[in-house]
Amino acid sequence: MKEIFELIYEGVKTGDLEAVREQVQNAINSDGSPEAILKEALIPPMEEVGQLFEEGEYFVPEMLIAARAMQAGLELIKPLLIDADVESEGTVVLGTVKGDLHDIGKNLVGMMLEGAGFEIIDLGTDVSPEDFVNKVKEGGVDIIGMSALLTTTMPQMEATIQALVDAGIRDKVKVLIGGAPVTLEYCERIGADGFAGDASKAVKAAKSNIA
Ligand code: B1M
């Protein structure tokens, strides 16, 4: 399995989508657990890709093809992470905040929450505070889950909470936030209800907010 994981890592890093597909399928066929494929083979190369970008060795196109290759692997393990027969735990409206186009982490959080029995309404990326507010106004939403990957877009989380306050519906939903630059301290400062550093912690945070 170690060799397969190394091939997946290399495939994501170099943006070789076909190799990633082939090797993730190979790992699944060899009884690799979806969690291990995710945590040991698909996520770590993205860290290196970010590092290479910072060092000026990778540019946006390289980041993009690495992201596409990772998404292709994620699609294959998605059915294994989601158990269709779980009773609904509640409804989560998920989105990457305004100005931000990063969606891999958000998609992963969505998959894990779905796997844990939550119903997901995914608003996608570049979601404005008004879009979140309008969705809550439609009713039936228990949690808003916001993702941000850029320090410049994080303030949109606070703006969304303020928009909920202004619309008089802050007490109708819990607000869960996450993404690489987001911290517990930031969560407390902007008055969000929960913060999670990764997708599995997002499930725990969502469950404790629903209880
Ligand atoms: Co961009 N990018 N990017 N990028 N990108 C980062 C984030 C960066 C850290 C790279 C770097 O410099 N090291 C840097 C941000 C610097 C900063 O703000 N401090 C950066 C930059 C600068 C940019 C651009 C500005 C580059 C440019 O154009 N000059 C640009 C911005 C575009 C925009 O959004 N407006 C840009 C563009 C892109 C691509 C489009 C090319 C591509 C995204 C493709 C896509 O998502 N479909 C991309 C990528 C791939 C990255 C890196 C390399 C990888 C991100 C990723 O997918 N990680 C990233 C470097 C890095 O993060 N190391 C980088 C894997 C993913 C599983 O992790 O998203 O952290 P993550 O999600 C985790 C947790 O954070 C958490 O759970 C997830 C799973 O464990 N989590 C939540 C996430 N959301 C959550 C929500 C929750 C709870 C937990 O509750 C609701």
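If you're wondering where the values come from, they're calculated on a predicted model, not measured in any experiment. We count ligands from 1, going down the list as the structure has it; atoms in each ligand are counted the same way. Residue numbers start at 1 and run along the sequence shown.
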Using a plain distance cutoff, I'd like to know if [X] has any nitrogen or oxygen under 3.5 Å from a nitrogen or oxygen of ligand 1.
X	result
Val49	no
Asp198	no
Gln51	no
Lys106	no
Gly50	yes
Gly145	no
Phe53	no

Inset, instruction - Please could you name the atoms of ligand 1 that Gly179 approaches to less than 4.0 Å, counting only its heavy atoms? - result: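 Per the distance check, 75 (O), 81 (N), 82 (C), 83 (C), 84 (N), 85 (C).
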Inset, instruction - Can you sort out which atoms of ligand 1 are near Asp100, meaning under 4.0 Å from one of its heavy atoms? - result: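 Near Asp100, the atoms of ligand 1 are 34 (O).
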Inset, instruction - Using non-hydrogen atoms of the residue, decide whether Gln71 is closer than 4.0 angstrom to ligand 1. - result: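 Yes, that is the case, since the closest heavy atom of the residue is under 4.0 Å from the ligand.
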Legend entry - Separation of Ile143 CD1 from Thr91 OG1 (nearest 0.5 Å):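 If we round to the nearest 0.5 Å, Thr91:OG1 and Ile143:CD1 are 9.5 Å apart.
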Inset, instruction - Please round to the nearest 0.5 Å and tell me the distance separating atom CD of Glu158 and atom CZ of Arg189. - result: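 Between atom CD of Glu158 and atom CZ of Arg189 there are 6.5 Å.
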Determine, counting only non-hydrogen atoms of the protein, whether one lies under 4.0 angstrom from [atom].
atom	result
atom 24 (C) of ligand 1	no
atom 44 (C) of ligand 1	yes
atom 59 (C) of ligand 1	no
atom 37 (C) of ligand 1	yes

Inset, instruction - For the residue pair Ser147 and His102, establish whether any side-chain heavy-atom pair is separated by less than 4.5 Å. - result: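 Not touching, per the 4.5 Å side-chain cut-off.
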Legend entry - Ile4 side chain reached by Ser30 side chain, heavy atoms, under 4.5 Å: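 In short, these two side chains touch, coming nearer than 4.5 Å.
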Does the pair [X]/[Y] count as a salt bridge with the N-to-O cut at 4.0 Å?
X	Y	answer
Lys78	Glu75	no
Arg170	Asp193	yes
Lys106	Asp122	yes

Between [X] and ligand 1, which residue portion shows a heavy-atom distance shorter than 4.0 Å: side chain, backbone, both, or neither?
X	answer
Leu108	side chain
Val109	side chain
Glu54	side chain
Ile177	backbone

Legend entry - Over 12 foreign heavy atoms within 6.0 Å of CD, Glu3: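 Counting other residues, nucleotides and ligands, CD of Glu3 stays at 12 neighbours or fewer.
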Inset, instruction - Please indicate whether Asp31 has more than 12 foreign heavy atoms, meaning atoms of other residues, nucleotides or ligands, lying under 6.0 Å from its CG. - result: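 Incorrect, the count does not exceed 12.
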Legend entry - Among Val24, Ile43, Leu80, side-chain contact (heavy atoms from CB on, under 4.5 Å) partner for Leu38: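 Single pass found, and it is Ile43.
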Inset, instruction - Give the residue, atom name and distance (to 0.1 Å) of the protein heavy atom nearest atom 40 (C) of ligand 1. - result: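 Checked against all protein heavy atoms, atom 40 (C) of ligand 1 sits closest to Leu64 CD1, 3.8 Å.
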